[in-house]
Amino acid sequence: MKFQLLFLAAMKRELPDLLDQSNGITFDIGATGKYVVKNAIPLGLPEWNFPNDMIPAANETVSTIHCYHFLEHLSGESAIKFLREVERVLIPGGIFNFCMPYYSSHLMAQDLTHKSFWNEESFRNLFENQMYDPAGKWKLHVHFQ
């Protein structure tokens, strides 16, 4: 059974297929060990440290960025700066895959190095709320959460 069908049955909500952009440069942000996305360039401690280091790519040259359990370790201001950096390097139609603990979960609360808390409204507020404008207009948009 496909995951999407199981999710639909359990949650009464459809999940679209993941977008795929496999041609071009791919980064795995926060990768620091044996868990690196296949065929991705790992960027993580100690060699790469955001916000001191930017993503080492020219504007609009990266097809995919994987970023798993990284954003929650940034302050809100640094997270916005990072998302602007993602926006800078992604090609039009590029993909930013990310995952982080839900704001109210035990996983979020157990790690004392977590600095920002995220849920679905965090992205709606950041990208779509015209009254909330800490970083200007965005080219990024959310495919699904």
Side-chain angles (χ1 to χ4, degrees), residues 1-11 13-103 105 107-108 110-111 113-145:
M1 175 180 271
K2 285 184 67 176
F3 177 76
Q4 284 87 349
L5 292 175
L6 183 60
F7 190 86
L8 177 62
M11 303 298 291
R13 182 174 152 212
E14 289 189 45
L15 290 179
D17 288 329
L18 287 174
L19 298 174
D20 183 28
Q21 182 63 268
S22 56
N23 298 327
I25 300 169
T26 299
F27 285 107
D28 187 352
I29 304 294
T32 58
K34 62 183 176 179
Y35 302 108
V36 177
V37 173
K38 186 177 179 180
N39 300 321
I41 300 166
L43 292 180
L45 295 171
E47 294 84 16
W48 183 84
N49 184 10
F50 190 85
N52 298 331
D53 301 314
M54 298 295 109
I55 297 172
N59 295 355
E60 298 184 356
T61 59
V62 176
S63 63
T64 305
I65 295 176
H66 296 274
C67 182
Y68 307 117
H69 294 279
F70 176 77
L71 284 172
E72 68 272 17
H73 293 277
L74 302 176
S75 69
E77 288 178 355
S78 289
I80 291 170
K81 183 177 179 181
F82 176 76
L83 291 170
R84 283 295 186 194
E85 182 65 1
V86 167
E87 189 175 62
R88 177 187 72 79
V89 301
L90 279 179
I91 62 173
I95 308 295
F96 176 52
N97 291 317
F98 62 91
C99 176
M100 67 201 60
Y102 198 67
Y103 81 102
S105 70
L107 185 59
M108 186 64 202
Q110 73 187 18
D111 189 336
T113 66
H114 290 171
K115 298 177 183 167
S116 56
F117 299 82
W118 301 81
N119 65 29
E120 300 86 352
E121 292 304 315
S122 303
F123 291 96
R124 276 192 208 102
N125 199 36
L126 187 60
F127 295 146
E128 299 172 14
N129 183 347
Q130 295 177 1
M131 302 305 289
Y132 179 77
D133 193 15
K137 189 162 173 65
W138 290 89
K139 290 188 273 183
L140 292 176
H141 71 275
V142 175
H143 177 63
F144 83 90
Q145 297 185 36

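Values in this document were obtained by computation on a predicted structure and should not be read as measured data.
- The 12-atom threshold is exceeded at OH of Y102, counting heavy atoms of other residues, nucleotides or ligands nearer than 6.0 Å.
- Nearest approach of E60 to K139, heavy atoms of both residues: OE2-NZ, 3.9 Å.
- No side-chain heavy atom of W48 sits under 4.5 Å from any side-chain heavy atom of P42.
- Residues K115 and H73 have side chains not in contact (no heavy-atom distance under 4.5 Å, counting atoms from C-beta outward).
- Closest approach of E85 and R88 over heavy atoms only: OE2-NH2, 2.7 Å.
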(Q) As a quick check of understanding, evaluate side-chain contact (heavy atoms from CB on, under 4.5 Å) for L74 and K81, giving each step before the final call. (A) CA-CA 10 Å; L74 302 176; K81 183 177 179 181; over 6 Å; no
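- The minimum heavy-atom distance between P51 and S78, with the atom names listed, is CG-OG, 4.1 Å.
- The two residues V62 and I25 have their closest heavy-atom pair at CG1-O, 3.4 Å.
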Q: Given side-chain contact (heavy atoms from CB on, under 4.5 Å), test L43 with F50 step by step and report yes or no.
A: CA-CA 9 Å; L43 292 180; F50 190 85; over 6 Å; no
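- Between F70 and F98, the gap from one ring centroid to the other reaches at least 6.0 Å.
- Nearest heavy atom pair, residue H114 against residue L107, reads CE1-O, 3.5 Å.
- Annotation: the span from N59 atom CG to E87 atom CD amounts to 11.0 Å, rounded to 0.5 Å.
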(Q) One pair to check against side-chain contact (heavy atoms from CB on, under 4.5 Å): D28 and I65. What are the steps and the verdict? (A) CA-CA 6 Å; D28 187 352; I65 295 176; over 6 Å; no
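- F127 and L83 get closest at one heavy-atom pair: CZ-CD1, 4.4 Å.
- Proximity of a side-chain donor or acceptor of D53 to a complementary backbone N or O of N49 within less than 3.5 Å is detected.
- The line from CZ of F117 to OG of S105 is 9.5 Å long, rounded to the nearest 0.5 Å.
- Centroid-to-centroid, the aromatic rings of F27 and F96 stay 6.0 Å apart or farther.
- Note: W118 and Y103 fail the aromatic proximity criterion, with ring centroids not under 6.0 Å apart.
- At least one donor-acceptor pair closer than 3.5 Å links the side chain of S116 to the backbone N or O of L71.
- Counting only distance, with no hydrogens or angles, the side chain of E72 and the backbone of M100 share no donor-acceptor pair below 3.5 Å.
- With rounding to the nearest 0.5 angstrom, the CD1 atom of I95 is 10.5 Å from the OG1 atom of T26.
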Q.
Let's go through L126 and L140 carefully: what are the C-alpha distance in whole Å and the side-chain angles of both, what is the deciding distance for side-chain contact (heavy atoms from CB on, under 4.5 Å) to 0.1 Å, and is it a yes or a no?
A. CA-CA 10 Å; L126 187 60; L140 292 176; over 6 Å; no
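- In this structure, OH in Y68 is found 11.0 Å from CD1 in I29, a value given to the nearest 0.5 Å.
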